[in-house]
Amino acid sequence: MEKKKLYVLTGFLGSGKTTLLLKILEQLEDKKVGIIQNEFGKLSVDGELINKNGIHMTEISRGSIFCSCLKLSFVQALAEMAKMDLNYVFVESSGLADPSNIEEILESVKELSGDVYEFKAAICLIDAVNFLDQLTDEETVDRQLAHCHMAIISKVDLVDEKHLSSVKDAIRKVNPNCKIVKAVKGDVDLGFLDEDLMALKWADNEVSLNTVDNKPKTIMLESDAIISKKELNDFLQAVLPDCYRIKGFFHLEEGWTQVDVVEKLIDFKPYTEREISQLVFLSKIGPRVIRTIDTNWKEIVKKEMKLRN
């Protein structure tokens with residue numbers, strides 16, 4: 001059997017991994033594709049967006065697939081997909097995932113399932129708007145970039161040429177070898193699928209920064225209430241300083257809406273009807289985020305809701 005081509009997508013929270021993956025799937029609709037998606041929260045927002053007929057999908061949540069807490073689950077998921085007749089397997093890691101130990105994990109898969117995968121590349125999504133700040137504040141961003149073979153700079157339409165040049169310079173300081181391409185809303189030339197990106201390897205395998213001790217806290221809010229867009233926006237503005245990321249689905253007066261919060265940007269998109277409104281919060285401040293969410297909801301929205309771990 002021909003080896004399955006394996007790509008790992010990394011990139012900090014909100015950099016556009018799911019958007020890129022959706023675009024890739026559109027262009028590979030005549031191929032047999034498997035996806036392993038890694039979410040930190042219980043609510044599978046991205047999984048709902050990607051799940052399509054003909055796509056073999058496995059979701060691994062509540063931590064990083066490169067951490068000891070989920071590494072075995074990741075190995076087992078790859079081993080299960082090894083049995084399937086697939087052309088490509090894409091792994092979308094969580095935004096806080098450090099993939100430094102990917103080669104060690106793939107060796108474990110090889111021992112379990114044989115030599116069925118051809119690891120083609122780790123692809124790192126770079127948020128052109130927020131990358132320079134993230135690189136300073138988050139060591140994970142440095143690791144994701146150092147261990148990639150191709151960097152895709154997303155949201156280039158939102159920055160000027162001077163800023164984009166600074167982003168490229170910062171990328172080269174961390175990884176002087178990787179291929180660099182630009183993308184707007186996930187649109188990228190799939191010519192890289194035929195390239196030997198592994199020849200651009202820069203960093204050697206090392207122990208991942210992801211551990212059980214530093215796993216971030218996630219909280220899910222559920223509500224039957226129908227609220228205004230302004231109420232939800234005001235609430236999100238109040239809690240976002242304490243959160244890495246907020247996303248989910250909510251029933252607004254205008255209709256069902258997909259909610260996506262990256263840094264200070266709050267994005268609302270129309271969505272299909274669901275049973276209940278749900279938002280997942282990835283905390284910057286550990287369990288203390290529960291008080292932040294509860295207090296601001298009571299002050300701003302003033303409707304029934306439940307918080308779940």
Side-chain angles (χ1 to χ4, degrees), residues 6-18 20-21 35-42 46 58-82 89-113 117-127 131 134-152 170-171 173-178 197-198 200-218 244-245 282-284 286:
L6 176 66
Y7 290 87
V8 175
L9 304 182
T10 68
F12 201 64
L13 298 156
S15 58
K17 295 183 294 297
T18 302
L20 172 69
L21 187 51
I35 294 170
I36 297 174
Q37 192 168 60
N38 180 205
E39 290 270 20
F40 261 104
K42 268 186 181 179
D46 297 337
T58 299
E59 295 173 292
I60 304 174
S61 62
R62 308 304 294 272
S64 165
I65 51 176
F66 303 107
C67 171
S68 58
C69 57
L70 288 179
K71 190 161 60 174
L72 180 57
S73 297
F74 183 28
V75 170
Q76 290 173 334
L78 282 169
E80 283 302 309
M81 284 201 174
V89 173
F90 292 92
V91 177
E92 182 187 347
S93 61
S94 78
L96 291 174
D98 168 20
S100 305
N101 60 348
I102 181 62
E103 292 176 31
E104 170 200 327
I105 290 172
L106 293 179
E107 279 300 314
S108 298
V109 176
K110 190 174 181 179
E111 290 179 17
L112 199 61
S113 301
Y117 286 107
E118 180 185 4
F119 182 36
K120 295 288 289 181
I123 299 172
C124 182
L125 270 288
I126 301 295
D127 180 340
F131 173 69
Q134 293 168 346
L135 191 58
T136 302
D137 296 338
E138 299 290 340
E139 190 176 356
T140 300
V141 176
D142 185 282
R143 287 288 193 99
Q144 291 172 348
L145 181 53
H147 287 270
C148 83
H149 307 94
M150 181 168 81
I152 298 178
I171 290 172
K173 286 179 181 177
V174 178
N175 190 326
N177 284 7
C178 69
L197 295 175
M198 293 298 292
L200 303 176
K201 178 180 175 180
W202 169 245
D204 290 327
N205 190 72
E206 56 186 319
V207 176
S208 175
L209 294 171
N210 297 145
T211 67
V212 176
D213 294 333
N214 66 20
K215 186 168 75 168
K217 178 70 174 174
T218 58
Y244 282 115
R245 191 88 156 87
L282 183 57
S283 174
K284 285 183 179 178

Please report the shortest heavy-atom distance between [X] and [Y], naming the atom on each side.
{"X": "Tyr244", "Y": "Lys284", "value": "N-CG, 3.6 Å"}
{"X": "Val207", "Y": "Asp98", "value": "O-OD2, 4.2 Å"}
{"X": "Ser64", "Y": "Ala97", "value": "OG-CB, 3.6 Å"}
{"X": "Asn38", "Y": "Gly63", "value": "ND2-O, 2.8 Å"}
{"X": "Lys120", "Y": "Met198", "value": "O-CG, 3.5 Å"}
{"X": "Ala79", "Y": "Leu112", "value": "CB-CD2, 3.6 Å"}

Please round to the nearest 0.5 Å and tell me the distance separating atom [atom1] of [X] and atom [atom2] of [Y].
{"X": "Ile152", "Y": "Cys124", "atom1": "CD1", "atom2": "SG", "value": "9.5 Å"}
{"X": "Asn214", "Y": "Cys67", "atom1": "CG", "atom2": "SG", "value": "7.0 Å"}
{"X": "Leu9", "Y": "Ser93", "atom1": "CG", "atom2": "OG", "value": "7.0 Å"}
{"X": "Gln76", "Y": "Ser108", "atom1": "CD", "atom2": "OG", "value": "11.0 Å"}
{"X": "Thr18", "Y": "Glu39", "atom1": "OG1", "atom2": "CD", "value": "7.0 Å"}
{"X": "Met150", "Y": "Ile123", "atom1": "CE", "atom2": "CD1", "value": "4.0 Å"}

Side chains of [X] and [Y]: closer than 4.5 Å at any heavy-atom pair?
{"X": "Phe66", "Y": "Val8", "value": "yes"}
{"X": "Met81", "Y": "Ile36", "value": "yes"}
{"X": "Phe12", "Y": "Leu96", "value": "yes"}
{"X": "Lys71", "Y": "Asn101", "value": "yes"}
{"X": "Ile65", "Y": "Ile105", "value": "no"}
{"X": "His147", "Y": "Ile102", "value": "no"}
{"X": "Leu145", "Y": "Ile171", "value": "yes"}

Examine distances only and state if a side-chain atom of [X] and a backbone atom of [Y] form a donor-acceptor pair shorter than 3.5 Å.
{"X": "Ser283", "Y": "Thr218", "value": "no"}
{"X": "Lys17", "Y": "Leu125", "value": "no"}
{"X": "Asn175", "Y": "Trp202", "value": "no"}
{"X": "Tyr117", "Y": "Val89", "value": "no"}
{"X": "Asn210", "Y": "Lys215", "value": "no"}
{"X": "Gln134", "Y": "Thr140", "value": "no"}

Margin query: Walk me through whether Lys201 and Glu103 qualify under side-chain contact (heavy atoms from CB on, under 4.5 Å).
Written below: CA-CA 12 Å; Lys201 178 180 175 180; Glu103 292 176 31; 3.0 Å; yes
Notebook entry, point to check: Hey, is NZ on Lys110 packed in by over 12 heavy atoms from elsewhere, all under 6.0 Å?
Noted result: no
Check: Do you know which of Val174, Thr10, Leu209 makes side chain to side chain contact (heavy atoms under 4.5 Å, CB included) with Arg143?
Finding: Leu209
Next item on the list: Look at the aromatic rings of Phe90 and Tyr7 and report parallel, tilted or perpendicular, splitting at 30° and 60°.
Entry: parallel
